[in-house]
Protein chains: 2
Amino acid sequence: MVSGTGRVTLSDVAAASGVSRATASFVLNDDPNQTISPATQERVRRAARDLGYVPHGIARALREGTSRIVVLNVGSGLEGNYSRSYIRGLDDELAAHDHVLLVRHGHTTPHSIQQVLSAIVPRAVLRLAEAYLAGHELDEGDWKDGFAANAAMQIRYLADRGHTRLAFALPDNDSPLIEMRLFFARETTRTLGLLPPRPFVVPGPRAAGAEAVQAFLAAHSTVTAVAAFDDDVAVRILTALHDLRLSAPGDLAVIGFDDTEYGSLATPALTTVHIDAEAHGRLAARTALGLDATGLAPAPGRVIVRDSA
Amino acid sequence: MVSGTGRVTLSDVAAASGVSRATASFVLNDDPNQTISPATQERVRRAARDLGYVPHGIARALREGTSRIVVLNVGSGLEGNYSRSYIRGLDDELAAHDHVLLVRHGHTTPHSIQQVLSAIVPRAVLRLAEAYLAGHELDEGDWKDGFAANAAMQIRYLADRGHTRLAFALPDNDSPLIEMRLFFARETTRTLGLLPPRPFVVPGPRAAGAEAVQAFLAAHSTVTAVAAFDDDVAVRILTALHDLRLSAPGDLAVIGFDDTEYGSLATPALTTVHIDAEAHGRLAARTALGLDATGLAPAPGRVIVRDSA
DNA sequence: AGGGCTTACTAAATCGTTCTAGTTGCGAAT
DNA sequence: ATTCGCAACTAGAACGATTTAGTAAGCCCT
């Protein structure tokens with residue numbers, strides 16, 4: 001039954017069920033333009049199952065001009081609950097449409113990205129958290145609004161607690177999201193009638209972080225609360241405050257973004273915004289495949305109230 | 001010059017340089033079994049460059065029976081310096097041999113892994129940190145020894161500080177590495193003439209973690225130091241100690257494994273073992289491609305001494 | 001002068017699918 | 001009794017590379 005190599009091909013299935021390759025293909029792909037008698041369909045499907053036929057993705061891709069693979073380029077930030085749930089949603093939704101997600105990690109020399117593309121001719125290439133930056137198709141989509149709402153939630157929480165002079169803490173890398181977070185933060189303070197938050201950078205190394213926080217507080221003594229770019233940055237601030245013998249929220253209220261385990265383990269435990277990005281991932285999958293993307297409501301984020309703000 | 005679709009194919013190159021497809025292929029692949037005149041070689045290469053020819057990986061893969069892609073399956077643990085440097089090394093080395101690394105994230109239903117394989121027919125499929133578990137080819141290789149040495153380093157550090165009753169803290173998931181870490185830990189205590197370390201699990205949620213640590217300390221009051229499976233677990237312990245109003249290293253010395261940023265930000269700052277896994281990644285790449293892997297000495301790990309042990 | 005060797009190439013098969021353009025046979029309408 | 005339409009199939013051409021099995025010409029050797 002099986003040709004030499006061990007792989008069961010469509011020809012094997014066709015031969016085993018006494019039909020041509022074409023017919024076998026039509027049956028197995030449910031081609032709506034063909035009429036195949038139920039009896040034949042049954043025979044083909046049986047043979048496929050019995051022989052353990054699994055279609056050769058490469059051959060299919062060559063014929064179709066594109067593979068059923070979607071590549072997700074992640075720059076650096078893969079930690080955090082957001083990316084994880086985003087990837088889970090993306091992966092699931094793609095799987096539901098017979099596609100597969102592969103993740104490409106950042107060391108993205110232009111040459112090597114070229115390599116990847118030519119190597120697998122993916123159906124789509126996504127970049128984590130960039131769809132809403134460039135994606136004008138999503139202008140009125142739920143995603144951006146959803147993300148904006150989550151970003152606003154962070155600022156609003158601080159405002160609700162009576163803080164009026166805010167800071168916005170940034171990481172020392174250049175995530176493509178920084179611009180957007182800042183924009184939404186300013187937007188939110190504006191609607192609330194507050195001054196725009198003062199941005200400042202918190203570097204990674206512990207001593208440098210403490211120094212930056214100290215310098216910032218010295219220069220802006222009226223600031224009483226800080227919204228962080230993410231939990232990572234927030235934890236740095238918490239550590240800095242500890243090292244400066246200051247306390248949160250007393251001396252400075254701190255709220256993170258994108259719930260991570262480390263935030264929950266920090267002292268004081270970090271108040272943060274939890275975003276379930278699974279729907280975002282699903283949405284991205286649908287639009288990448290050119291499918292209808294309606295009816296996918298991103299779950300609303302929520303503030304996880306702990307001790308730091 | 002370019003055929004309708006926009007893609008430049010080998011036929012285009014061949015036509016442009018007045019040779020057959022076969023010749024063009026021989027030239028561009030430096031086929032050692034063929035003799036092509038320098039003049040022709042030059043013409044072909046020129047044409048390829050001018051037209052911007054880039055080989056169609058899918059077509060090539062179909063013909064060759066396997067694509068130039070290596071898939072790395074990562075279960076869950078992608079945080080941490082180890083995985084990052086491992087991936088960097090793997091990626092670089094593969095790139096040096098015209099291959100490409102793609103990472104597959106865990107939601108690995110048996111069906112979806114099947115999908116991936118058939119979709120791209122990768123040259124190899126690796127599993128993060130599993131090569132040394134199954135990999136008998138590496139029995140005497142540098143990798144396992146290197147990893148063993150690093151694991152031993154962690155225990156030895158505690159012993160050098162005079163601790164004789166040790167614990168070994170595990171995460172509440174089932175990483176394939178757990179067995180190995182435990183094995184090496186026991187191995188090391190044996191050579192040092194100490195009792196084997198007592199394993200215990202530290203769950204993720206803060207309250208549960210504190211409870212687990214408290215219960216463990218109550219049950220084993222002679223234990224003075226704990227080696228953690230990784231920095232993650234170590235940070236949980238540090239938090240637990242804080243919540244129990246105990247201190248490290250006074251009440252319990254804590255040492256982590258695989259230097260992460262959060263360890264450095266914990267209070268007290270976490271003492272840990274830093275492993276540069278780049279060479280491990282390179283080695284994995286070489287063996288996956290069936291290449292000579294000699295001369296790749298894994299960099300020795302080192303203990304990052306901070307405040308927790 | 002014929003066989004053998006080397007150089008410099010080419011025609012065509014091949015990988016496993018998908019899909020277009022037919023081909024058959026049969027019942028119904030003209 | 002043609003013609004038409006429809007159901008149920010099939011032959012074979014793509015897709016874009018690699019590679020096997022040649023071919024043709026030139027040179028050397030006996």
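Proteins come first, then strands; the chains are lettered A, B, ... in the order of their sequence lines, and each starts at number 1. Only a predicted model underlies this, so the values are computations on that prediction, with no experimental measurement involved.
The salt bridge (charged side-chain N to carboxylate O under 4.0 Å, His left out) search around B:Asp30 returns B:Arg45, not counting sequence neighbours. A:Glu64 pairs by the side chain to side chain contact (heavy atoms under 4.5 Å, CB included) definition with A:Arg60, A:Arg68, not counting sequence neighbours. Scanning for salt bridge (charged side-chain N to carboxylate O under 4.0 Å, His left out) contacts around B:Asp50 gives B:Arg46, with sequence neighbours left out. Taking A:Asp174 as the reference, nothing meets the salt bridge (charged side-chain N to carboxylate O under 4.0 Å, His left out) condition, with sequence neighbours excluded.
Between D:dT18 and B:Arg60, a contact under 4.0 Å exists linking OP1 or OP2 to a side-chain N or O. Proximity of B:Tyr53 to the phosphate of D:dG16: no side-chain N or O atom is located under 4.0 Å from OP1 or OP2. Side-chain nitrogen and oxygen atoms of B:Asn33 include none within less than 4.0 Å of the OP1 or OP2 phosphate oxygen of D:dT19.
In this structure, of C:dG16, D:dA17, D:dT18, it is C:dG16 that holds the atom nearest to the side chain of A:Ala59. When distances run from any side-chain atom of B:Arg63 to the nucleotides D:dA11, D:dA17, C:dG16, the shortest one goes to D:dA17.
Rounded to whole angstrom, the span from the CD atom of A:Glu64 across to the P atom of C:dG16 amounts to 17 Å. Distance, B:Asp98 CG to D:dT18 P: 12 Å, rounded to whole Å. One interatomic measurement links the two molecules: CG of B:Leu10 to P of C:dA11, which rounds to 14 Å at whole-angstrom precision. To the nearest angstrom, P of D:dA17 lies 12 Å from CZ of B:Arg68.
Mapping A:Ala24 and A:Arg21 onto DNA chain D by nearest heavy atom places A:Ala24 at the nucleotide closer to the 5' end.
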Name the pairs: protein N/O against N/O of nucleotides 5-9 of chain D, kept only if under 3.5 Å.
from  : atom 1 : to      : atom 2 : distance (Å)
D:dC9 : OP1    : A:Thr40 : OG1    : 3.2
D:dC9 : OP2    : A:Ser37 : N      : 3.1
D:dC9 : OP2    : A:Ser37 : OG     : 2.7
D:dC9 : OP2    : A:Thr40 : OG1    : 2.8
D:dC9 : N4     : A:Gln34 : OE1    : 3.3

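Exactly one of A:Leu94, A:Val125, A:Leu126 qualifies for a side chain to side chain contact (heavy atoms under 4.5 Å, CB included) with A:Leu72. That residue is A:Leu126.
Residue pairs meeting the salt bridge (charged side-chain N to carboxylate O under 4.0 Å, His left out) criterion with at least one partner in residues 281-297 of chain A, sequence neighbours excluded, are A:Asp92-A:Arg282, A:Glu93-A:Arg282, A:Glu93-A:Arg286, A:Glu278-A:Arg282.
Using a 4.0 Å heavy-atom cutoff across all strands shown, A:Asn29 reaches sugar-phosphate atoms only and no base atom.
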